Protein chains: 2
Amino acid sequence: MFDAIKTYYTRLVPQLSQPEWEALEKCLSIRQFRKGDFLVKAGQVCKYVSFINSGLARLYYSIDGKDVSTGFAQQGDYTSEYESFLTRKPAAQNIEALTEVEAIDLGYDDMQRLYKTYPAYQEFGRKISEFLFIMLNQRNTALLALTPEERYTNMIETNANLLQLVPQYMLASYIGVTPEHLSRVRRKLSAGS
Amino acid sequence: MFDAIKTYYTRLVPQLSQPEWEALEKCLSIRQFRKGDFLVKAGQVCKYVSFINSGLARLYYSIDGKDVSTGFAQQGDYTSEYESFLTRKPAAQNIEALTEVEAIDLGYDDMQRLYKTYPAYQEFGRKISEFLFIMLNQRNTALLALTPEERYTNMIETNANLLQLVPQYMLASYIGVTPEHLSRVRRKLSAGS
DNA sequence: GTTCATTCTTAACAAATATCAACGAAATCC
DNA sequence: GGATTTCGTTGATATTTGTTAAGAATGAAC
């Protein structure tokens with residue numbers, strides 16, 4: 001049931017003991033989502049960090065009626081509106097299931113209790129936060145330092161599988177342009193090669 | 001000598017014991033910078049997290065010969081090219097002293113040793129990482145959801161002191177526009193009020 | 001297999017912002 | 001306190017990207 005998530009934890013904190021793992025396991029619960037369902041709705045507090053056991057979800061802002069995607073979570077990834085989760089304030093972003101999704105949730109109170117009781121989970125929490133910081137920072141760097149065209153070719157190289165799974169207009173906003181403009185970028189790229 | 005930084009730590013981890021504090025204190029060292037000096041140079045690995053004991057520093061990318069400021073650290077703030085510090089890879093950003101700066105450094109190896117030895121520092125590291133994530137996420141949200149004008153007025157309200165201390169062209173890139181454009185934004189604002 | 005909705009592409013036009021260049025003001029340095 | 005550099009403003013123009021609208025392609029539903 002929780003094999004995949006256990007692998008995830010032991011990769012970050014290899015010395016996790018059996019009792020520690022069991023304490024965590026007791027806190028985990030499974031939620032099922034259908035395509036189009038929301039794991040998190042903007043405006044509501046994000047109550048969980050969710051491990052994606054299967055399926056695909058996206059994280060996005062809804063601004064002036066337009067979506068701006070900021071990330072995608074696949075099987076084996078963690079996802080959360082982490083700022084909301086940490087601050088207990090309403091989420092600015094939505095998390096939506098792009099396919100059927102099975103998520104393994106860990107709630108805020110349980111997480112704080114694990115932190116208090118087991119130093120190993122402090123370490124896990126630190127490493128997760130560091131990881132999320134690095135991801136966000138890399139995305140920022142790319143948005144600042146690269147052109148839309150470079151960000152798109154980058155994506156082809158590093159996230160080829162997402163190009164298959166995600167509609168192009170979602171990738172467009174992730175890359176930081178309109179769908180129309182991404183279409184132009186693609187045409188230009190295919191002409192020049 | 002280390003009063004300010006001790007306050008900083010005990011605010012994040014109130015239960016810090018005397019031996020724990022002393023273990024940290026042994027790792028701290030002070031560096032002095034003159035205006036224009038670099039605390040961190042892009043291309044080199046960032047070796048420290050630095051507490052600003054006095055003065056003002058800025059964090060910025062240098063892209064195509066142009067600066068893009070991403071943050072400012074004042075007295076009482078921590079600063080670091082944190083992605084480089086965590087990953088031990090060359091920094092993408094510079095940290096530059098905008099005034100004389102006195103910084104209290106904590107090195108990577110010492111930090112890892114503190115993490116290993118004292119759970120309290122795991123907790124500190126977690127909270128710092130969470131904080132940095134939230135800061136970065138808020139900046140992202142502002143860049144996505146607000147106009148340059150809104151970001152500027154926001155800054156007036158929340159960071160009034162920085163407007164005094166930092167040249168306008170650095171604020172411009174922080175806000176995400178050219179200095180010329182910020183100048184026009186300001187003119188428009190003063191006309192309309 | 002036809003219909004309907006969704007997605008992608010294309011083109012013409014519009015808007016926001018950048019670039020370039022010049023000038024004036026302010027601060028800094030001998 | 002004059003000279004020099006740095007900084008901020010302004011205007012003309014250029015570029016990038018967004019907007020709107022239409023149609024083509026794709027895929028799902030019946």
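The structure displayed is predicted, hence computed values, not measured ones. Just so you know, these numbers use all the heavy atoms, side chains as well, and skip hydrogens, waters and symmetry mates. Every chain is numbered from 1 and lettered A, B, ... according to where its sequence line falls, protein lines coming before strand lines.
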May I ask you to list the residues of residues 146-174 of chain A, by number, that have any heavy atom positioned under 4.0 Å from an atom of DNA chain D?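 When residues 146-174 of chain A is checked for heavy atoms under 4.0 Å from DNA chain D, the hits, listed by number, are A/Pro148.
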Give a yes or no on whether the backbone of B/Tyr48 and the side-chain of B/Ser80 come within a donor-acceptor separation of less than 3.5 Å.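 Side chain of B/Ser80 to backbone of B/Tyr48: a pair is present.
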When you measure from the side chain of A/Glu20 to the backbone of A/Ser17, do you find a donor-acceptor pair of N or O atoms at a distance under 3.5 Å? yes
Estimated bend of the helix from C/dG1-D/dC30 to C/dC30-D/dG1 (axis per five terminal pairs, rounded to 10 degrees):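 Overall, the helix from C/dG1-D/dC30 to C/dC30-D/dG1 bends by 50° from one end axis to the other.
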Establish, for the pair [X] and [Y], whether the NZ or CZ atom is under 6.0 angstrom from the six-membered ring centre and no further than 45 degrees off its axis.
X        : Y        : value
B/Arg151 : B/Tyr174 : no
A/Lys127 : A/Phe124 : no
A/Arg186 : A/Tyr152 : no

In whole angstrom, what separates B/Leu182's CG from C/dA16's P? 17 Å
Expressed in angstrom and rounded to an integer, what is the separation of A/Leu98 atom CG from C/dT7 atom C1'? 15 Å
If you measure from OH on A/Tyr82 to CD on B/Glu130, what distance do you get to the nearest 0.5 Å? 4.5 Å
How long is the span from the CD1 atom in B/Ile104 to the CG atom in B/Leu28, to the nearest 0.5 Å? 6.5 Å
Decide yes or no for A/Asn53 and A/Ile5: does some side-chain heavy atom of the first lie under 4.5 Å from some side-chain heavy atom of the second? no
Is the shortest side-chain heavy-atom distance between B/Val101 and B/Gln32 below 4.5 Å?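 Not touching, per the 4.5 Å side-chain cut-off.
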Between B/Arg187 and D/dT10, is there a contact of a side-chain N or O with OP1 or OP2 at under 4.0 Å?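 Looking at the OP1 and OP2 atoms of D/dT10, one of them is under 4.0 Å from a side-chain N or O of B/Arg187.
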More than 12 non-hydrogen atoms from neighbouring residues, nucleotides or ligands closer than 6.0 Å to CZ on B/Arg88, yes or no?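 Yes, CZ of B/Arg88 has more than 12 neighbouring heavy atoms, counting only those of other groups under 6.0 Å.
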Annotated protein contacts, base or backbone, on nucleotides 19-30 of chain D with a non-hydrogen cut-off under 4.0 Å, one of B, S, - each: BB----------
